[in-house]
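Worksheet for the structure shown next.
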There are 2 protein chains.
Amino acid sequence: MPPPDPTDADLASDLVVHAARLVRAVRRELELPAGIRVISLLDEHGALGVTQLAAADRCSQPTMSALVSQLVERGWVTKAPNPDDARGSVVALTDAGGAELAVVRRRHGERIAALVADHPALTTEDLATAVAVLRGVLEKGNPS
Amino acid sequence: MPPPDPTDADLASDLVVHAARLVRAVRRELELPAGIRVISLLDEHGALGVTQLAAADRCSQPTMSALVSQLVERGWVTKAPNPDDARGSVVALTDAGGAELAVVRRRHGERIAALVADHPALTTEDLATAVAVLRGVLEKGNPS
DNA sequence: CGACGATACATAGCAAACCTATGTAGTTCC
DNA sequence: GGAACTACATAGGTTTGCTATGTATCGTCG
């Protein structure tokens with residue numbers, strides 16, 4: 001008999017390995033700076049504090065601090081003190097940041113979408129499913 | 001009216017960002033050494049040369065050289081000269097490497113599969129679809 | 001057969017992305 | 001008003017990965 005159907009566990013580990021491969025492939029050929037994830041978060045959720053951003057991006061707080069600093073320097077986000085809590089900050093997307101996000105999205109979109117379109121067996125719905133799976137896996141343990 | 005359906009391009013760029021997020025989340029909480037990708041490749045395709053591995057993993061040849069060296073040190077792969085071509089090598093998985101792969105697979109599988117199972121809207125089929133999408137996107141421009 | 005270009009790898013040097021540990025200022029709660 | 005907690009910054013180090021370049025082998029062609 002042929003090998004048995006892959007279990008969820010098999011699929012899950014393949015998911016991770018292939019995701020890692022994809023990320024590196026994209027970084028090589030299209031560039032995927034870490035800051036994009038942050039900008040993407042701000043675009044999706046609106047202004048947030050550094051710690052909230054770190055939680056949402058699943059990285060450590062110091063990492064997010066550094067990322068935000070870089071983004072501020074580039075003018076893609078602003079960091080203001082939180083008026084309700086002097087410890088905290090409020091990081092917000094600037095117009096320039098939004099524009100940059102649009103540019104990167106388009107670059108990635110064009111390239112990846114072309115590959116998917118090229119693949120007879122892959123539909124837009126499949127792509128949506130893949131994103132939903134990733135999103136679902138990520139949102140766990142991350143009660144926003 | 002609500003926002004329009006996301007285009008392929010939107011989905012594709014979300015795919016990349018979320019994949020990056022997933023990879024980092026997994027690296028933080030479960031550990032995902034770079035060598036796993038190589039072992040996984042060898043398990044799937046059998047013994048290969050360094051350059052072939054680099055192409056399959058979508059990384060540079062020097063990166064793969066370094067990865068293979070590490071794996072040899074750990075005893076997870078062997079590197080022998082290619083009898084048909086004195087320039088080349090043949091990298092093969094050892095039993096220990098296969099065992100390690102199984103361990104990591106199980107760790108990842110358990111954790112991720114649990115998250116998916118927890119998610120009412122995600123089925124095993126969805127997971128399979130997600131893997132197929134990633135695989136499809138990756139195999140392009142990489143005629144093995 | 002000998003030179004020349006291509007191929008397979010290795011080495012060197014460097015940059016990006018992260019993390020842990022720790023310090024500091026502000027908040028909360030008794 | 002002091003202890004415990006929270007938000008963020010800084011320091012230092014690791015992993016991952018790339019480009020540039022060198023070396024040995026292969027293939028080919030005159």
Side-chain angles (χ1 to χ4, degrees), chain A residues 16-17 19-41 47-74 77-92 104, chain B residues 16-17 19-41 47-74 77-92 104:
Chain A
V16 173
V17 169
R21 211 115 68 194
L22 172 66
V23 170
R24 254 229 342 265
V26 171
R27 266 202 242 266
R28 282 190 81 180
E29 128 173 22
L30 295 175
E31 162 186 355
L32 174 60
I36 288 300
R37 292 198 315 269
V38 181
I39 292 182
S40 180
L41 278 175
L48 291 172
V50 170
T51 299
Q52 290 169 346
L53 279 172
D57 195 45
R58 293 293 237 263
C59 71
S60 69
Q61 168 265 307
T63 293
M64 185 53 71
S65 272
L67 284 179
V68 168
S69 293
Q70 289 173 22
L71 293 174
V72 168
E73 267 182 45
R74 296 205 177 191
V77 307
T78 55
K79 186 171 69 168
N82 184 337
D84 297 336
D85 185 341
R87 294 169 301 180
S89 302
V90 176
V91 180
V104 172
Chain B
V16 173
V17 169
R21 211 116 67 192
L22 173 66
V23 170
R24 254 223 349 247
V26 172
R27 266 202 241 267
R28 282 190 81 181
E29 125 174 24
L30 294 175
E31 162 186 355
L32 174 61
I36 287 300
R37 292 198 314 270
V38 181
I39 293 182
S40 180
L41 278 175
L48 291 172
V50 170
T51 298
Q52 291 170 353
L53 280 173
D57 195 45
R58 293 293 236 264
C59 71
S60 68
Q61 169 264 309
T63 293
M64 185 53 71
S65 272
L67 284 178
V68 168
S69 292
Q70 289 174 20
L71 293 173
V72 168
E73 267 182 44
R74 296 205 177 190
V77 308
T78 56
K79 186 170 70 168
N82 184 338
D84 298 335
D85 184 342
R87 296 169 299 180
S89 301
V90 176
V91 180
V104 172

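Computed over heavy atoms, backbone and side chain alike; hydrogens, waters and symmetry mates excluded. Per chain, numbering begins at 1; letters A, B, ... match sequence-line order.
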In this structure, how many angstroms lie between the C1' atom of D:dT15 and the CZ atom of B:Arg28, rounded? 15 Å

Give me the atom names and distance for the closest heavy-atom approach of B:Val50 to B:Met64. O-CG, 3.5 Å

Using a 4.0 Å heavy-atom cut-off, does A:Pro33 contact any base of the nucleic acid, only the sugar-phosphate backbone, or nothing at all? sugar-phosphate

Would you say a side-chain N or O of B:Ser60 is under 4.0 Å from OP1 or OP2 of D:dG17? no

What I want to check is whether the side chains of B:Gln61 and B:Ser65 have a donor and an acceptor closer together than 3.5 Å. yes

Tell me: CZ of B:Arg58 to C1' of D:dT16, nearest whole Å? 18 Å

Rounded to whole Å, the CE-P distance (A:Met64 to C:dT20) equals 15 Å

For C:dT27, does the base pair up with any side-chain atom of A:Arg87 as donor and acceptor (N or O, under 3.5 Å, distance only)? no

B:Asp57 and A:Arg24: which non-hydrogen atoms are nearest, and at how many Å? O-NH2, 2.6 Å

Take atom CG of A:Leu32 and atom P of D:dT16, then tell me their distance rounded to the nearest Å. 18 Å

Within this structure, what is the CG-to-C1' distance between B:Asn82 and C:dT7, rounded to whole angstrom? 13 Å

Heavy atoms of B:Arg27 and B:Leu32 approach each other most closely as NH1-O, 3.0 Å

With rounding to the nearest 0.5 angstrom, report the CD1 to CG distance, A:Ile36 to A:Leu71. 8.0 Å

With a cut-off of less than 4.0 Å, is there a side-chain N or O of A:Arg24 near OP1 or OP2 of D:dG17? yes

Which part of the nucleic acid, if any, lies within contact of A:Thr51, taking any heavy atom under 4.0 Å across all strands shown: a base, the sugar-phosphate backbone alone, or nothing? sugar-phosphate

Pick base, sugar-phosphate or nothing for B:Ser89, based on heavy-atom distances below 4.0 Å to the nucleic acid. sugar-phosphate

Side chain of A:Asp85 only, heavy atoms from C-beta on: which candidate in C:dG26, D:dC8, C:dC19 is closest? C:dG26

N/O (side chain, A:Ser65) to phosphate O (OP1/OP2, D:dC8) under 4.0 Å: no

Distance below 4.0 Å between A:Lys79 side-chain N/O and D:dA9 OP1 or OP2: yes

Between the base of D:dA7 and the side chain of A:Gln61, is one N or O donor paired with an acceptor at under 3.5 angstrom? no

Rounded off to whole Å, could you give me the CG-to-P distance for the A:Leu22 and D:dG17 pair? 13 Å

I want to confirm an ordering. Mapping A:Arg27 and A:Asp84 to their closest nucleotides on DNA chain C, which one lands closer to the 5' end? A:Arg27

Starting at atom CD of A:Gln70, determine the distance to atom P of D:dA9, rounded to an integer number of angstrom. 13 Å

Which nucleotide in the list D:dG17, C:dA10, D:dA9 gets nearest to the side chain of B:Ala34? D:dG17

Closest to the B:Thr63 side chain: D:dC18, C:dT20, C:dC18? D:dC18

Heavy atoms of A:Leu53 and A:Leu41 approach each other most closely as O-CD1, 3.9 Å

Expressed in angstrom and rounded to an integer, what is the separation of B:Leu48 atom CG from C:dT7 atom P? 19 Å

